[in-house]
Every structure is written in C-alpha cells, then in structure tokens.
Engineer: 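Below you'll find the structure I mean.
Each ligand, and each atom within it, is numbered from 1 in the order the structure gives.
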Amino acid sequence: MTASVQNSVEPLPFSYDAIVDALVDKGYIIVDDFLSQELTQALRDEVNELNSHGIHRAGVGRGGELQVNDDIRSDKTHWLDGSTDAQQRLLAQCDVLRNEVNRHLFMGLYDYEAHFAVYEPGSFYQKHLDAFKGRSNRVLTNVIYLNDEWHDDWGGELAVYDEVDELIERVLPKGGRAIFFLSERFPHEVLKTKKQRLSIAGWYRINSSTGSFVDPAR
Ligand SMILES: O=C(O)CCC(=O)C(=O)O
Ligand SMILES: [Fe+2]
C-alpha cells in the first residue's frame, strides 16, 4: 500500500461535526492539527518563497478605499488563487467545512477567500472586527497557522475578546492549528510578534449582491 493511500484512510484528527457544534454553542473553536504537518509545511514553503520575492503590505478597507495603515496592521499579505497543489488541497478542505456548515446551520456560505500573511518581528494587527453587522458578506473567519514551532515567549498570540470586550482566548500560532469564529461577534488582535509569524487568514462569505452592485469585491 502506498503512503498516500494509507493517509487517505487515516481518521482525521478533528471532526467537522465538532466544529459545527462549537460554532452553534459558543461561536468559535480552536482546532489543533486542522492541517496535516505535510500540508502545513508545503504551505509554509510557499509563503516563504513568496516572501523572498517580496509580498505586499496589507491594506485596511476594501476596493477603492484600500489603504496601507501602519498604525492598524503591519503584516504583508498575498491572496490564495488555487494555483498550486498545496493551495488546492487547503481550499478543498475548507470547502468541506463550508458544505458541513451549510448542511447543518443553513448559513448560506457560498464562497471562501483567503490570504497568506507574514508578520515580521515587531508586526501586529490592532483589535478589530472582521465584519460589522449587516455591512459585510464575511460571516465566518478562519485563521490557520503555518510556523513549524512557536514558543510561549515569542508573542504574536491572537487575542480574542467577547461581545463585552473580555479577553476569552490567547491563541499561540502553532503550525497546523486553526481557529474558526463568527466574524461579527469577536473583536480580536494579533499581539506584537518577536519572531516571523506565518498564517493564512480566510473568510467564508454569503452572497449579498443587490441590483447592479456586485458583491464581493476585494
Ligand atoms: O493572524 C491572526 O491570528 C489573525 C489575523 C486577522 O485578524 C485578520 O487578518 O483579520
Ligand atoms: Fe481579523
């Protein structure tokens, strides 16, 4: 039996049902080993390669309003386009979850968009919401971490707050780990990192197109 056949019959280290249940119960879940070590490494290699050729400073806002704002965030980003095997496998896995969420929760998620992010030492992303009620088609956020190791004293945690601004989680960006949360409900921030921090941030979207205004735009 080849390695790939063996892998394909191994049970997943997490359950899609548990993710769906947690989204209903508390609106978020942290999933260790969401990505295999092998896929985490393939994506890490890709983002390192992109970064070595220079990827762009992230902006804040959408479309024509996009601005680079050093005070708010200092990461660099590159949108996934499914052009590599590793990206396709990641997108396929995220699509399984999209279908599971739709099947159980009728959220009508029709699309997933994601970018690589590189936080060089000293980088951060100030506290924000990914979506404001009724003003965005982003409804479910996921962040997937790609570093091969992360020490407790390296900073760079994702701090997650609840609706009354109490800190509820400090998530270390450990490779293969993912967090899923309802985009409108949880303010969050990336604390200043001491080491280069690699991740993929993604958003499941609903279709809120009306008339001639075609959404989503990037
Ligand atoms: O990298 C993270 O942990 C979170 C990033 C984030 O909040 C975002 O890109 O909107
Ligand atoms: Fe965010």
Engineer: In the protein, which heavy atom is nearest to atom 8 (C) of ligand 1, and how far is it?
Structural biologist: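 Atom 8 (C) of ligand 1 sits closest to the protein heavy atom Y125 CE1, 3.6 Å.
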Engineer: Using a heavy-atom cut-off of under 4.0 Å, does the side chain or the backbone of W203 touch ligand 1, or both, or neither?
Structural biologist: side chain
Engineer: Which of the numbered atoms in ligand 1 are below 4.0 angstrom from a heavy atom of A201?
Structural biologist: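 The list of qualifying atoms is 9 (O).
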Engineer: Which atoms from ligand 1 have a heavy atom of L158 less than 4.0 Å away?
Structural biologist: 3 (O), 4 (C)
Engineer: Could you list which atoms of ligand 1 come closer than 4.0 Å to a heavy atom of Y119?
Structural biologist: 5 (C)
Engineer: Can L158 and E169 be said to form a side chain to side chain contact (heavy atoms under 4.5 Å, CB included), step by step?
Structural biologist: CA-CA 8 Å; L158 174 68; E169 296 284 350; over 6 Å; no
Engineer: Around the Fe ion (ligand 2), what protein N, O or S atoms are found below 2.8 Å?
Structural biologist: H128 NE2, D130 OD1, H188 NE2
Engineer: Going by the angle between their ring planes, with limits at 30° and 60°, are W154 and H151 parallel, tilted or perpendicular?
Structural biologist: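 W154 and H151: parallel rings.
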Engineer: Are side-chain heavy atoms of S199 and I144 found at a separation under 4.5 Å?
Structural biologist: no
Engineer: Who's the nearest protein heavy-atom neighbour of atom 4 (C) of ligand 1, and how far?
Structural biologist: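 Checking every protein heavy atom, the shortest distance to atom 4 (C) of ligand 1 gives V190 CG2, 3.6 Å.
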Engineer: If you count heavy atoms of other groups shown closer than 6.0 angstrom to CD of Q37, is the number above 12?
Structural biologist: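 Open.
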Engineer: Tell me the contacting part of T141 for ligand 1: side chain, backbone, both, or neither, using a 4.0 Å heavy-atom threshold, strictly below.
Structural biologist: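 Contact part for T141 vs ligand 1: neither.
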Engineer: Once the angle between the rings of F186 and F181 is folded into 0 to 90°, is it parallel (under 30°), tilted (30 to 60°) or perpendicular (over 60°)?
Structural biologist: perpendicular
Engineer: Just to confirm my output: which protein heavy-atom neighbour is closest to atom 1 (O) of ligand 1, and how far is it?
Structural biologist: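 Protein heavy atom with the smallest distance to atom 1 (O) of ligand 1: R197 NH1, 2.8 Å.
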Engineer: Decide yes or no on side chain to side chain donor-acceptor pair (under 3.5 Å) for S123 and D75, but give the supporting numbers first.
Structural biologist: CA-CA 6 Å; S123 301; D75 57 327; over 6 Å; no
Engineer: Does H128 reach ligand 1, in the sense of a heavy atom lying below 4.0 Å from it?
Structural biologist: yes
Engineer: Under the criterion side chain to side chain donor-acceptor pair (under 3.5 Å), I'd like the reasoning laid out for S15 against D17: C-alpha separation, chi angles, the key distance, then a yes or no.
Structural biologist: CA-CA 5 Å; S15 111; D17 281 351; 5.3 Å; no
Engineer: Begin with the C-alpha distance, continue with both residues' side-chain angles, and end with the deciding distance and a verdict on side chain to side chain contact (heavy atoms under 4.5 Å, CB included) for I19 and E100.
Structural biologist: CA-CA 9 Å; I19 299 177; E100 288 299 307; over 6 Å; no
Engineer: Can you name the atoms of ligand 1, numbered from 1 with element, that are less than 4.0 Å from a heavy atom of V143?
Structural biologist: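 Ligand 1 atoms under the 4.0 Å threshold to V143: 1 (O), 2 (C), 3 (O), 4 (C).
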Engineer: Can an N or O of Y145 be found at a distance shorter than 3.5 Å from an N or O of ligand 1?
Structural biologist: yes
Engineer: Side-chain heavy atoms under 4.5 angstrom apart, residues restricted to Ile, Leu, Val, Met, Phe, Trp, Tyr: same cluster for L91 and V139?
Structural biologist: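 Yes: a chain of side-chain contacts under 4.5 Å links L91 to V139.
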Engineer: Taking the side chain as everything from C-beta on, heavy atoms only, tell me whether Y161 gets closer than 4.5 Å to E189.
Structural biologist: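 Y161 reaches E189 side chain to side chain.
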Engineer: Which is closest to atom 7 (O) of ligand 1 by heavy-atom distance: Q126, H188, H115, K127?
Structural biologist: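 Answer by nearest heavy atom: H188.
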Engineer: When you compare the side chains of N99 and Y16, does any donor N or O come within less than 3.5 Å of an acceptor on the partner?
Structural biologist: no
Engineer: Using the ring of each side chain (for Trp, its six-membered ring), is F180 parallel, tilted or perpendicular to F34, with breaks at 30° and 60°?
Structural biologist: perpendicular
